[in-house]
Amino acid sequence: MTEIAVDAYDPTAVELKWQSRWEERGTNRVDLAGSGRPFYNLMMFPYPSAEGLHVGNVFAFTGADIYGRFRRLRGDHVFQPFGFDAFGIHSENFALKVGIHPAELIPRNIARFRTQVKRVGIMTDWRYELSTTDPGYYKWTQWVFLQLFNAGLVSRRRGAVNWCPRDKTVLANEQVIAGRCERCDSLVEVRFLDQWYCAITRYADRLLDHLETLDWSQSTRLLQTNWIGRSEGAELVFETPGGQRITVFTTRPDTVYGATYLVLAPEHALVDTITTAEQRNAVNGYKREVAARDIVSRKVGDKEKTGVFTGAYARNPATGASVPIWIADYVLMEYGSGAIMAVPGHDERDFDFASRYKLPIPRVVAGPEQDAKTPLTRAESDIQGGRLVNSGEFDGMAWAEAKTRITERLAGKGLGKAARTYRLHDWCISRQRYWGPPIPIIYCDEHGPVAVPERDLPVLLPMVTDTRPDDSGISPLARHESWYRAPCPICGKPGRRETDVSDTFLDSSWYFLRYPSADRSDVPFDAQLTKKWLPVTSYIGGNEHAVLHLLYSRFVTMALHDMGRLGFEEPFARFRAHGTIVKDGAKMSKSRGNVVVPEPYIDQWGADTFRMYLMFLGPYQEGGDFRDAGISGIRRFLDKVWGLIRSAQSPQSPQEDKALTRLMHRTIEKVTIDTESLSYNTAIASMMEYVNALRDGSPSRAHIEPLVLMLAPYAPHFAEECWERLGCTGSVMDARWPAYDADAGQEQTAVVVVQVNGKVRARLTLPRATSQADAIKAALADAGVRKFIDGVEVKKVVFVPDKLVSLVV
RNA sequence: GCCCGGGUGACGGAAUGGCAGACGUAGCGGACUUAAAAUCCGCGGGGGGCAACCCCGUGUGGGUUCGAGUCCCACCCCGGGCACCA
């Protein structure tokens with residue numbers, strides 16, 4: 001027979017008790033109109049997958065929750081809402097797989113998720129819950145679309161798009177990873193289709209320049225910087241005898257004297273115009289060949305470069321020489337102007353191409369050991385620096401200076417200007433799928449695409465049973481004539497609704513604006529509440545959204561600001577990227593079969609233990625490897641605290657344990673600083689040290705109460721129960737974080753290390769703030785030290801107060 | 001190829017240029033128990049020594065410094081991002 005200790009810590013009972021208490025007492029409710037320091041603590045809302053909460057979700061939410069609870073205890077007025085990003089391909093694909101309509105499946109998943117999130121103890125005021133699939137929400141997503149449309153920031157145009165053959169929809173550039181669909185990993189195809197684009201590139205400079213001033217994780221800022229990919233250089237114009245002006249973008253205008261040919265992307269608009277009759281067959285053949293190839297084989301470098309001559313020539317604006325114009329697939333239409341000046345002497349790719357087609361490779365830049373005649377090698381073509389040669393009047397000029405001078409000179413002739421170009425492309429936001437907000441546009445033969453009037457929003461997504469996407473390049477909604485027939489809002493003549501839906505990332509690009517106004521149906525976001533609560537004070541989430549959600553949200557916020565609808569340009573004052581939880585060194589994925597589901601752990605150990613365990617795995621901003629081996633350590637820790645609470649309920653000895661008091665102050669200091677910086681693992685470690693000391697010493701209530709308060713963000717149910725058992729009234733979440741006195745935490749003695757020639761030879765326990773003279777005296781008197789200095793001269797002494805004496809002999 | 005982040009006991013990890021390995025896990029020894037679990041006490045980088053102690057040790061090789069896991073240079077490996085971006 002197992003004997004159960006009387007009143008042992010029973011997490012299930014404690015957690016159920018406090019979850020229902022919180023609900024009854026409205027502990028987690030926040031009065032948005034109330035006074036106090038508003039603190040908007042945001043965590044990334046999940047898409048409610050059918051599998052339920054993932055351990056990565058728990059990790060993300062817990063870390064944000066700890067921070068929110070900490071700020072509340074520190075006296076902030078914390079708003080920490082929760083919602084669901086429930087539209088989108090991922091949700092829809094799963095619905096198709098199981099054969100249940102998403103409109104039926106998603107609410108079920110949400111219900112399950114909500115229960116699980118509550119079980120984890122996330123401090124949320126559920127009155128402000130939102131789901132992007134709710135017509136009351138997506139009405140305003142459509143409204144955001146129309147604001148962008150009316151401002152000229154969204155437009156429809158034909159272009160080369162990424163088409164996923166499996167998901168049967170176009171994808172934004174950001175959703176294509178190494179030529180594959182980020183959702184299903186299929187090879188992406190190029191299609192030429194009419195699509196809706198958001199002119200995010202117009203904001204490229206602002207999106208980039210603000211990054212330096214944002215209090216964001218360095219890693220996230222770098223990802224965005226690289227994604228925007230600004231290059232500084234020049235646009236130069238090469239004219240054909242026929243009067244065509246071909247603009248090229250280059251980061252190396254200093255090498256223009258070495259531009260011996262031009263290359264246009266095969267899709268370039270001028271190709272057909274300039275191609276000569278003799279070359280037409282070759283050019284057309286090459287274009288067909290390129291068009292037939294997928295993006296991956298097109299874009300992968302290090303392969304043989306191919307191309308064909310168009311038969312046409314253009315004049316090099318610097319030398320006046322006539323240079324041949326080629327087309328080649330190593331030049332990409334979507335970057336720069338889709339045309340380059342080839343400088344084979346100083347660009348590896350051009351070098352390869354020129355070598356293959358026997359084009360001249362002159363040198364126009366030379367390092368200190370080279371001159372105009374030194375032959376070029378491929379490796380050298382990649383090197384930057386040096387002075388110009390073979391460059392007319394610019395000979396001898398330093399490379400960097402020549403960039404500006406040559407650009408200025410050509411600008412004077414109307415043949416060039418300084419320019420920037422970006423890797424960032426406009427954001428393609430239309431999707432040929434069912435499960436999203438219909439794009440609120442009606443096409444009219446006379447008026448073209450017309451915005452649905454605001455009073456007619458939302459354009460409801462119709463309940464249709466046939467939601468499967470097809471290969472036609474148009475949405476399943478296009479199969480429902482009764483839905484898409486609609487009168488033109490301007491003239492009333494028969495029109496046709498846009499049948500594409502918008503990208504999920506449009507849904508999530510503004511949800512943080514909605515939360516405080518989630519209970520309002522008349523406005524997307526209330527002006528007063530927005531002014532008070534936004535921008536978001538602290539945002540914690542995964543870096544996988546660095547160039548998707550986080551970039552799009554910044555863009556939408558900036559655009560709404562420019563329309564006068566928001567008083568700020570940046571949505572997230574502070575952003576911290578949390579790490580990833582991996583399993584056995586590898587990312588968790590269904591295909592690997594190493595996905596960890598949190599539920600069984602919560603059943604066995606309780607949510608508080610599980611929360612703390614996840615936080616103890618490693619630095620929050622780095623993540624860690626999930627292995628259940630260590631979880632018992634956290635439980636043992638909580639059991640020890642439980643024991644301390646019980647002993648604190650019995651009479652205390654009147655003698656204060658001063659050593660414990662000192663340690664208490666140091667612990668509060670450390671836990672405060674570490675929690676603020678999300679260093680949860682070390683905060684927990686120092687609480688453990690403190691608890692070990694409490695068990696070895698003679699603690700009083702005054703030592704234990706601060707411990708319970710420090711635990712409250714980490715193990716909220718447990719802390720509530722302890723708080724109650726200590727006889728304190730009300731929720732621990734309404735108490736104040738303990739104060740500390742750094743001086744009171746100081747020990748009276750310090751261990752001073754004595755080094756001789758850099759090696760530790762003694763450890764002296766000296767009174768705190770021992771003077772240099774006394775410390776050195778004590779060091780020289782130490783027997784262990786004397787062994788190493790007797791008979792030799794001490795040449796130098798370094799003294800660090802309360803830390804060390806370093807002797808050099 | 002380019003841009004980040006990282007490499008520390010058996011394991012997860014800790015260390016404002018100042019005692020490397022806090023805290024925890026696994027392990028080992030002991031107490032309690034008929035026994036086991038739980039709990040409690042102790043050990044816990046490697047090597048040497050009866051011992052006090054000594055030597056070596058933070059991916060590799062150099063350097064700066066009284067002193068380097070920490071700073072600098074070169075390289076190797078792992079993780080992430082970008083990738084024919086002109």
Side-chain angles (χ1 to χ4, degrees), chain A residues 2-5 8 177-179 218-219 221-227 229-231 233 248-252 255 263 298-303 305 328-332 334-343 346-350 352-353 382 421-424 543-544 546-547 579-580 582 585-587 613 616-619 621-634 636-637 639-640 643 679 681-692 695 751-763 783-784 787 795-800 802-809:
Chain A
T2 316
E3 220 173 305
I4 295 170
I177 313 292
Q218 172 77 3
S219 57
R221 296 196 332 244
L222 269 162
L223 287 168
Q224 288 207 358
T225 303
N226 293 340
W227 187 260
R230 181 160 72 195
S231 288
V248 301
F249 174 77
T250 178
T251 53
R252 296 291 307 274
T255 62
V263 187
R298 163 90 184 255
K299 287 197 179 171
V300 160
D302 298 337
K303 73 171 167 80
K305 290 182 176 38
D329 72 348
Y330 79 95
V331 174
L332 308 172
E334 66 265 23
Y335 186 77
S337 59
I340 62 156
M341 64 173 201
V343 184
H346 303 284
D347 181 282
E348 279 184 312
R349 292 154 304 177
D350 299 341
D352 291 342
F353 190 81
D382 194 34
T421 194
Y422 308 86
R423 273 183 30 88
L424 180 71
N543 246 348
E544 68 274 16
V547 295
T580 321
V582 298
K587 220 182 229 175
Y613 172 63
F616 193 57
L617 269 179
Q621 295 182 66
E622 285 167 36
D625 201 338
F626 187 92
R627 43 184 66 239
D628 33 24
I631 196 164
S632 57
I634 297 288
R636 282 204 267 261
F637 165 72
D639 281 333
K640 288 178 190 174
S679 305
N681 57 332
T682 50
I684 293 169
S686 68
M687 286 191 268
M688 287 174 166
E689 277 183 84
Y690 182 51
V691 165
N692 291 342
R695 284 156 54 86
V751 176
V752 174
V753 170
V754 184
Q755 294 183 345
V756 179
N757 284 350
K759 290 196 185 216
V760 177
R761 297 303 182 187
R763 295 174 178 89
K787 273 200 303 206
K795 292 185 195 128
K796 186 172 175 182
V797 181
V798 177
F799 173 70
V800 181
D802 296 332
K803 283 226 169 106
L804 106 160
V805 173
S806 182
L807 305 169
V808 187
V809 297

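The structure presented is a predicted model; accordingly, all values stated were derived computationally and were not measured. Here is how names work: the chains are called A, B, and so on, in the same order as the sequence lines, proteins then strands, and each is numbered from 1.
- Between the C1' atoms of B:C53 and B:G6, the separation comes to 37 Å (whole Å).
- The CZ-P distance, from A:F637 to B:U39, rounds to 15 Å in whole Å.
- In this structure, A:N692 reaches the sugar-phosphate backbone alone: every heavy-atom distance under 4.0 Å involves primed, P, OP1 or OP2 atoms, never a base.
- To the nearest 0.5 Å, the span separating CD on A:E689 from CD1 on A:I684 amounts to 13.0 Å.
- The shortest distance between the side-chain N/O atoms of A:R636 and the OP1/OP2 oxygens of B:U39 is below 4.0 Å.
- Note on A:S231: a side-chain N or O is less than 4.0 Å away from OP1 or OP2 of B:A86.
- Nucleotides B:G17 and B:C71, compared at atom C1', are 8 Å apart to the nearest Å.
- Using P as the reference atom, B:C78 and B:G27 are 32 Å apart when rounded to the nearest Å.
- Residue contacts for A:R221: at a heavy-atom cut-off of 4.0 Å it reaches no nucleic acid atom on any strand shown.
- Remark: the separation of the P atoms in B:A68 and B:C55 is 15 Å, to the nearest Å.
- Residue A:R761 places at least one side-chain N or O closer than 4.0 Å to OP1 or OP2 of B:C54.
- Stem regions for RNA chain B, each three or more consecutive Watson-Crick or G-U pairs with both distances under 3.5 Å and listed by first number, read B:1-7 with B:76-82, B:10-12 with B:23-25, B:27-31 with B:39-43, B:45-48 with B:53-56, B:59-63 with B:71-75.
- Side-chain to base pairing of A:K796 with B:C66: no donor and acceptor N or O lie closer than 3.5 Å to each other.
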**OP:** Quick one, give me the B/S/- string for nucleotides 12-19 of chain B, reading 5' to 3', where B means a protein heavy atom under 4.0 Å from the base and S means that only happens at the primed atoms, P, OP1 or OP2.
**Re:** BSS-B-BB
**OP:** With side-chain hydrogen bond (donor to acceptor under 3.5 Å, both in side chains) as the test, would you mind laying out the steps for A:R221 and A:Q218 before giving the verdict?
**Re:** CA-CA 5 Å; A:R221 296 196 332 244; A:Q218 172 77 3; 2.9 Å; yes
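- Where A:G784 and A:M688 meet RNA chain B, the nucleotide closest to each residue was compared, and A:M688 sits on the side nearer the 5' end.
- Here the NE2 atom belonging to A:H346 is positioned 12.0 Å from the OG1 atom belonging to A:T250, to the nearest 0.5 angstrom.
- Taking atom C1' in both B:G47 and B:C41, one finds a spacing of 29 Å when rounded to whole Å.
- Distance check on atom P: B:G57 versus B:G9 gives 14 Å, rounded to whole Å.
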Between the protein and nucleotides 56-59 of chain B, which nitrogen or oxygen pairs are less than 3.5 angstrom apart?
from, atom 1, to, atom 2, distance (Å)
B:C56, OP2, A:K759, NZ, 2.7

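- Distance check on atom P: B:C76 versus B:G61 gives 15 Å, rounded to whole Å.
- Not a single side chain to side chain donor-acceptor pair (under 3.5 Å) links A:N757 to another residue, sequence neighbours left out.
- Applying the side chain to side chain donor-acceptor pair (under 3.5 Å) test to A:S219 and every residue at least two apart in sequence or in another chain returns A:N543.
- Remark on RNA chain B: of its neighbouring residues A:E689 and A:R695, the 5'-side contact belongs to A:E689, judged by nearest-heavy-atom nucleotide.
- Within the 4.0 Å cut-off from OP1 or OP2 of B:C85, not a single side-chain nitrogen or oxygen of A:R230 is found.
- Across the protein-nucleic acid pair, A:N757 atom CG and B:A68 atom P stand 11 Å apart, rounded to whole Å.
- Listed by chain and number, the residues in a side chain to side chain donor-acceptor pair (under 3.5 Å) with A:Q621 amount to none (sequence neighbours excluded).
- For the pair A:Y613 OH and B:G24 C1', the computed distance is 10 Å after rounding to whole Å.
- For the pair A:Q218 CD and B:G6 P, the interatomic distance rounds to 11 Å; values are reported in whole Å.
- Spacing between atom CD of A:E348 and atom P of B:A86 amounts to 13 Å, rounded to whole angstrom units.
- Contact annotation: the side chain of A:Y613 approaches that of A:F626 to within less than 4.5 Å [non-hydrogen atoms, C-beta and beyond].
- Distance A:Q224 CD to B:C82 P: 13 Å, rounded to the nearest Å.
- Shortest non-hydrogen contact noted between A:F249 and A:S231 is CZ-O, 3.7 Å.
- Note that the CH2 atom of A:W227 and the CZ atom of A:R423 stand 5.0 Å from one another [nearest 0.5 Å].
- Closest approach of A:M341 to A:D350, counting heavy atoms only: O-OD2, 4.0 Å.
- With B:G81, B:A86, B:C82 as the candidates, the nucleotide lying closest to the side chain of A:W227 is B:C82.
- Closest non-hydrogen pair, A:P619 versus A:N681, comes out as N-ND2, 3.5 Å.
- Look at CD1 on A:I634: it is 7 Å from C1' on B:G24, rounded to the nearest Å.
- Rounded to the nearest 0.5 angstrom, A:R761 CZ and A:L807 CG are separated by 11.5 Å.
- A straight line from OH of A:Y330 to C1' of B:C84 spans 9 Å, rounded to a whole angstrom.
- Between A:L617 and A:E622, the closest side-chain pair of non-hydrogen atoms is not below 4.5 Å.
- Taking the side chain of A:T251 as heavy atoms from C-beta on, and the options B:C40, B:C3, B:A86, the nearest nucleotide is B:A86.
- Contact annotation: the side chain of A:N692 approaches that of A:K640 to within less than 4.5 Å [non-hydrogen atoms, C-beta and beyond].
- Comparing the P positions of B:G7 and B:C56 gives an interatomic distance of 24 Å, to the nearest angstrom.
- Against the 90° criterion about 0, the sugar-base torsion of B:G29 places it in the anti range.
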